[in-house]
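Please read these numbers as outputs of a predicted model, since none were measured by experiment.
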Amino acid sequence: RSFAQSVLRFLGFIFWGTAAVQMFGGVSVILMFKNYSYLFQEYYFSLPGWLALATALILLPTGLLAVSISVKCSRNQQGTFMYLLVLLLCLEMSSAVLAYSYSVKTTSQLESAMGYLVHQHNWTCSQDPGNSPVDVIQRKLQCCGVHSYTDWLKASSSLYHPACVPESCCKEKHSHCMGDLAHVDQLSDKGCLKKLEDQLCFAMLYIFWCCPVLSILELLAAVSNGFLLRHQPFRELRIL
C-alpha cells in the first residue's frame, strides 16, 4: 500500500511535467499549420495539436488527484482519477493515430503545393524584396526553390531565362545580394521542400512518441490506484 502511494505521488509530479511537454508539442503543430496555411488546404491537419493541448489540460487535474490520493485515499477522488485516465488514454491514442496518418498525407502534398507557388510567382531582377508566400518561406527557412535554386529557372518561360532568382533566396549574411546567378555562392543551397518536411516530421513524430510513453505511465498509475481500491473495499453500493 505504501509503495502504491509513493508511485502515485511520483507519477503526479511526472504528469505535471508531461503536461508541459504535451503543450509544447500541441502548440508547435498548431502554429506550424497556421504559419504555412497556404500549403495545406485541409483545416483538420492541426487536429493532433489540439488533441495534445486537451491532453495537457486534463493532465493537470490528473496529477493533482494522484498526489492527493497518495496522501489520503478518497473514493470519489479515486473514481474520478480512473475516469480521467481512461479519457487521457482515448485522447492520446487518437492523437497518435492522427499524427502518424497526417504526417504521411501532408508530406505527399508539400511538393505539389511548393511547386505551384514557385510556378505562380512573378519576380523581376530588382531591389523589390517581395512579400509573396514563397518569399516568406524562403526567408524564414533560408532556402531556395523546391529542391534548389534551379527550380526558379525551370519555372520561367522557355523564351526568357532571367539572370536572377527572387531576392528571398539570398543568405542573410550577404546583405547586398540581389539574387544574381553570377554569384551563386550568395544563394541558399538547400531547397525548401526538405526543410519543410523535416519540420513537419519532427512536430508530428514528437506528438506520436509522447503518446505511448505517457500511456505507459497512466497504466502504471491505474494499477497503483486499483491496488489501493482493492485494499479499501466498498461497504455499500450506493456510490456506484
Side-chain angles (χ1 to χ4, degrees), residues 5-71 74 76-107 109-110 133 136-137 140-142 194-225:
Q5 289 176 325
S6 300
V7 170
L8 274 180
R9 187 181 302 111
F10 172 75
L11 290 176
F13 293 111
I14 293 295
F15 286 158
W16 288 337
T18 52
V21 173
Q22 285 284 88
M23 190 168 294
F24 171 77
V27 170
S28 298
V29 170
I30 293 171
L31 290 180
M32 183 186 66
F33 283 102
K34 182 180 180 180
N35 294 334
Y36 303 120
S37 58
Y38 36 78
L39 293 176
F40 306 102
Q41 300 299 324
E42 290 81 359
Y43 64 90
Y44 55 81
F45 279 159
S46 61
L47 185 57
W50 290 108
L51 289 178
L53 280 183
T55 301
L57 293 177
I58 296 176
L59 277 171
L60 295 176
T62 305
L64 181 62
L65 282 174
V67 175
S68 178
I69 293 171
S70 67
V71 177
S74 168
N76 292 333
Q77 290 182 350
Q78 288 175 306
T80 304
F81 183 67
M82 282 296 196
Y83 281 120
L84 289 179
L85 290 179
V86 173
L87 178 59
L88 285 171
L89 285 172
C90 294
L91 285 173
E92 287 152 16
M93 292 301 102
S94 301
S95 180
V97 171
L98 290 176
Y100 179 78
S101 60
Y102 287 175
S103 64
V104 175
K105 187 175 182 179
T106 53
T107 300
Q109 293 184 3
L110 277 177
V136 174
I137 293 175
K140 187 173 183 178
L141 300 181
Q142 283 295 287
K194 182 65 169 61
K195 291 194 173 184
L196 282 170
E197 286 179 345
D198 289 344
Q199 280 195 3
L200 175 67
C201 290
F202 174 79
M204 289 298 191
L205 289 178
Y206 180 93
I207 290 182
F208 177 81
W209 286 112
C210 279
C211 292
V213 173
L214 187 55
S215 298
I216 293 174
L217 296 176
E218 289 163 2
L219 289 174
L220 182 59
V223 171
S224 300
N225 190 37

Evaluate side-chain contact (heavy atoms from CB on, under 4.5 Å) for Q199 paired with L141, printing each intermediate quantity in order. CA-CA 10 Å; Q199 280 195 3; L141 300 181; 3.3 Å; yes
Step by step, work out the side-chain contact (heavy atoms from CB on, under 4.5 Å) result for L39 and T106. CA-CA 9 Å; L39 293 176; T106 53; over 6 Å; no
Go through the steps to decide whether Q109 and F45 satisfy the test side-chain contact (heavy atoms from CB on, under 4.5 Å), and finish with yes or no. CA-CA 12 Å; Q109 293 184 3; F45 279 159; 3.8 Å; yes
Determine, stepwise, if the pair L98 / L51 fulfils side-chain contact (heavy atoms from CB on, under 4.5 Å). CA-CA 10 Å; L98 290 176; L51 289 178; 3.7 Å; yes
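In this structure, M204 and Y100 have side chains that are not in contact, with every pair of non-hydrogen atoms separated by 4.5 Å or more. Two residues are said to be in side-chain contact when any heavy atoms from C-beta on lie closer than 4.5 Å; R9 and I69 fail this criterion.
With hydrogens and angles disregarded, no donor-acceptor distance shorter than 3.5 Å links the side chain of S68 to the backbone of L64. No side-chain donor-acceptor contact under 3.5 Å links S95 to the backbone of L91.
Within 6.0 Å of the OH atom in Y206, the count of heavy atoms belonging to other residues, nucleotides or ligands exceeds 12.
In this structure, the separation between OG on S101 and CZ on F208 is 10.0 Å, given to the nearest 0.5 Å. To the nearest 0.5 Å, atoms CD1 (I207) and CZ (F202) are separated by 10.5 Å. Note that CG of L110 and OH of Y36 are 10.5 Å apart. Values are rounded to the nearest 0.5 Å. Taking CG of L220 as the reference point, atom CG of L8 lies at 8.0 Å (rounded to 0.5 Å). With values rounded to the nearest 0.5 angstrom, L85 atom CG is found 7.5 Å from N225 atom CG.
Residues passing the side-chain contact (heavy atoms from CB on, under 4.5 Å) test with T80 are L65, L84, sequence neighbours excluded. With sequence neighbours left out, the side-chain contact (heavy atoms from CB on, under 4.5 Å) criterion links Q142 to K171, E172, S188, K195. With sequence neighbours excluded, no residue satisfies salt bridge (charged side-chain N to carboxylate O under 4.0 Å, His left out) with K34. Remark: Y44 engages K105 in a side chain to side chain donor-acceptor pair (under 3.5 Å) (not counting sequence neighbours).
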Tell me which donor-acceptor pairs under 3.5 Å the side chains of residues 209-219 have, and how far apart each pair is, sequence neighbours excluded?
from: S215; atom 1: OG; to: E92; atom 2: OE1; distance (Å): 3.1
from: S215; atom 1: OG; to: C211; atom 2: O; distance (Å): 2.8

Counting only pairs under 3.5 Å, give me each side-chain donor-acceptor contact of residues 13-31, with atom names and distances, residues two or more places apart or in other chains.
from: W16; atom 1: NE1; to: L60; atom 2: O; distance (Å): 3.0
from: T18; atom 1: OG1; to: I14; atom 2: O; distance (Å): 3.1
from: T18; atom 1: OG1; to: F15; atom 2: O; distance (Å): 2.9
from: S28; atom 1: OG; to: F24; atom 2: O; distance (Å): 2.7

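The shortest non-hydrogen separation linking A66 to F81 is CB-CE1, 3.8 Å.
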